[in-house]
Amino acid sequence: MASLPVLLPCLLLLLAASPALSTNPEGEALHAWRARLTDPTNVLQSWDPTLVNPCTWFHVTCDSQNRVIRLDVGNSNISGSIAPELGRLERLQYLELYRNNFQGKIPAELGNLRSLISMDLYGNQLQGEIPKSFAKLKSLRFLRLNNNRLSGSIPRELVFLSNLKVLDLSNNDLCGTIPIDGPFANFPLQSFDNNSRLNGPELQGLVPYDIGC
């Protein structure tokens with residue numbers, strides 16, 4: 001029978017090679033999402049779950065502490081839904097998923113991305129309402145959701161995003177009226193073009209903001 005001193009190094013090698021021990025929560029979240037996507041051109045081929053973190057994956061950028069701060073898979077011909085798991089990327093600053101074939105609803109969990117500066121989801125086939133949880137994105141400066149199939153009214157909670165500088169909701173199916181408070185006072189009407197059920201800026205106190213929805 002082999003002695004314990006001989007078996008111990010072998011056991012340690014096996015443990016070190018175990019994928020379950022080499023991944024981290026952010027890598028696990030991203031790989032779980034990748035497993036549900038259709039990626040015909042293998043854009044995400046480098047997303048190897050056995051690596052210690054996702055910082056060497058293409059289209060992923062990390063900070064000096066190996067935390068994901070940028071996810072950029074724009075214009076990549078990817079199909080599927082946007083995963084709620086992305087809400088676990090606590091230090092994410094840039095979420096670039098534009099010009100793909102993402103479908104379904106925008107997950108409310110994206111409202112957990114408190115460090116987010118820019119969210120570009122334009123040019124997809126996203127449906128449903130704009131999540132009210134986006135009101136928690138206090139660092140957000142750029143929000144582009146244009147050219148989708150979003151419906152419902154514009155959440156009034158977004159008027160409290162004081163850092164928001166650029167907003168584009170054009171070419172959707174939004175309804176109701178356009179807020180006029182907070183950063184909305186500075187957005188041009190072109191930001192809301194081609195929403196046939198959107199009735200223009202609200203007349204404060206005169207009509208319900210969701211009229212026509």
Side-chain angles (χ1 to χ4, degrees), residues 33 36-38 40 71-84 86-87 92 94-113 116-213:
W33 180 42
R36 301 196 298 269
L37 296 176
T38 300
L71 180 61
D72 191 345
V73 294
N75 203 27
S76 297
N77 197 28
I78 295 173
S79 301
S81 59
I82 298 176
L86 296 184
L92 192 70
Y94 298 90
L95 180 60
E96 308 296 331
L97 307 182
Y98 55 88
R99 290 179 183 155
N100 283 291
N101 298 303
F102 290 118
Q103 301 174 341
K105 295 183 178 182
I106 301 174
E109 287 82 356
L110 296 187
N112 296 329
L113 302 174
L116 203 64
I117 295 172
S118 177
M119 183 190 300
D120 285 322
L121 308 183
Y122 62 86
N124 284 287
Q125 301 177 47
L126 297 170
Q127 299 174 327
E129 298 185 353
I130 300 170
K132 293 181 180 180
S133 62
F134 282 8
K136 297 186 290 184
L137 303 176
K138 300 301 184 183
S139 298
L140 195 64
R141 299 178 190 172
F142 307 95
L143 178 59
R144 286 173 279 242
L145 306 177
N146 50 293
N147 294 83
N148 279 289
R149 300 175 181 175
L150 299 174
S151 57
S153 58
I154 301 172
R156 263 35 191 185
E157 291 83 354
L158 301 186
V159 303
F160 299 109
L161 297 179
S162 58
N163 289 311
L164 192 60
K165 304 301 180 187
V166 174
L167 175 71
D168 195 343
L169 303 179
S170 61
N171 298 294
N172 280 289
D173 189 30
L174 299 173
C175 58
T177 56
I178 300 170
I180 58 174
D181 296 323
F184 283 82
N186 301 313
F187 298 142
L189 289 178
Q190 288 86 344
S191 298
F192 311 96
D193 276 353
N194 297 318
N195 286 278
S196 60
R197 298 191 296 145
L198 204 56
N199 294 310
E202 63 188 9
L203 301 173
Q204 193 145 11
L206 297 181
V207 293
Y209 74 84
D210 58 353
I211 187 172
C213 284

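Of all the heavy atoms in Cys213 and Gly176, the pair that sits closest is SG-N, 3.3 Å. Summarising the geometry of Ser118 relative to Glu96, their closest heavy-atom pair is OG-OE2, 3.3 Å, with the distance given to 0.1 Å. Taking each heavy atom of Pro131 and Ile106 in turn, the nearest pair found is CG-O, 3.5 Å. Heavy-atom minimum distance, Gly111 versus Leu137: O-CD2, 3.7 Å. A pairwise comparison of heavy atoms in Gly80 and Leu37 identifies CA-CD2, 4.0 Å as the closest pair. Contact between Arg36 and Ala83 at its shortest, heavy atoms only, is NH2-CB, 3.2 Å.
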Run the numbers on Leu140 and Asn163 for side chain to side chain contact (heavy atoms under 4.5 Å, CB included), then give the verdict.
CA-CA 6 Å; Leu140 195 64; Asn163 289 311; over 6 Å; no

Run Phe184 and Leu167 through side chain to side chain contact (heavy atoms under 4.5 Å, CB included) and show every step you take.
CA-CA 9 Å; Phe184 283 82; Leu167 175 71; 3.5 Å; yes

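Taking the side chain as every heavy atom from C-beta outward, Leu169 and Leu150 never approach each other to under 4.5 Å. Using a 4.5 Å heavy-atom cutoff, the side chains of Ile178 and Phe187 are not in contact. Proximity of Leu158 to Phe134: side-chain heavy atoms (C-beta onward) are separated by under 4.5 Å at one or more points. Taking 4.5 Å as the limit, every side-chain heavy atom of Leu145 sits out of range of all side-chain heavy atoms of Leu126.
No donor-acceptor pair under 3.5 Å is formed between the side chain of Ser191 and the backbone N or O of Leu189. In this structure a side-chain-to-backbone donor-acceptor pair under 3.5 Å is missing from Ser79 to Thr38. Looking at Trp33, its side chain never comes within 3.5 Å of a backbone N or O of Pro84 through a donor-acceptor pair. Under the 3.5 Å distance criterion, the side-chain polar atoms of Asn77 are left unmatched by any main-chain donor or acceptor of Pro40. At distances below 3.5 Å, at least one donor-acceptor pair connects side-chain atoms of Asn100 with backbone N or O atoms of Tyr98. Side chain of Asn172 to backbone of Ser170: a donor-acceptor contact under 3.5 angstrom is found.
Among pairs with a residue in residues 132-151, those fulfilling salt bridge (charged side-chain N to carboxylate O under 4.0 Å, His left out) read Asp120-Arg144, at least two apart in sequence or across chains. The salt bridge (charged side-chain N to carboxylate O under 4.0 Å, His left out) analysis of residues 155-178, with sequence neighbours excluded, yields the pairs Arg156-Glu202, Asp173-Arg197.
Leu110 contributes atom CG, which lies 6.5 Å from atom CD1 of Ile82 (distance to the nearest 0.5 angstrom). Rounding to the nearest 0.5 angstrom, the gap separating the CG atom in Asn101 from the CG atom in Asn124 is 7.0 Å. Rounded to the nearest 0.5 angstrom, Leu113 CG and Ser139 OG are separated by 11.0 Å. Within the model, atoms OH of Tyr94 and CG of Leu116 stand 9.5 Å from one another, a figure rounded to the nearest 0.5 Å. With values rounded to the nearest 0.5 angstrom, Tyr122 atom OH is found 4.5 Å from Arg99 atom CZ. Considering CG of Leu198 and CG of Asp193, their distance stands at 10.0 Å, rounded to 0.5 Å.
Remark: the Asn171 side chain and the Asn194 side chain contain an N/O donor-acceptor pair separated by less than 3.5 Å.
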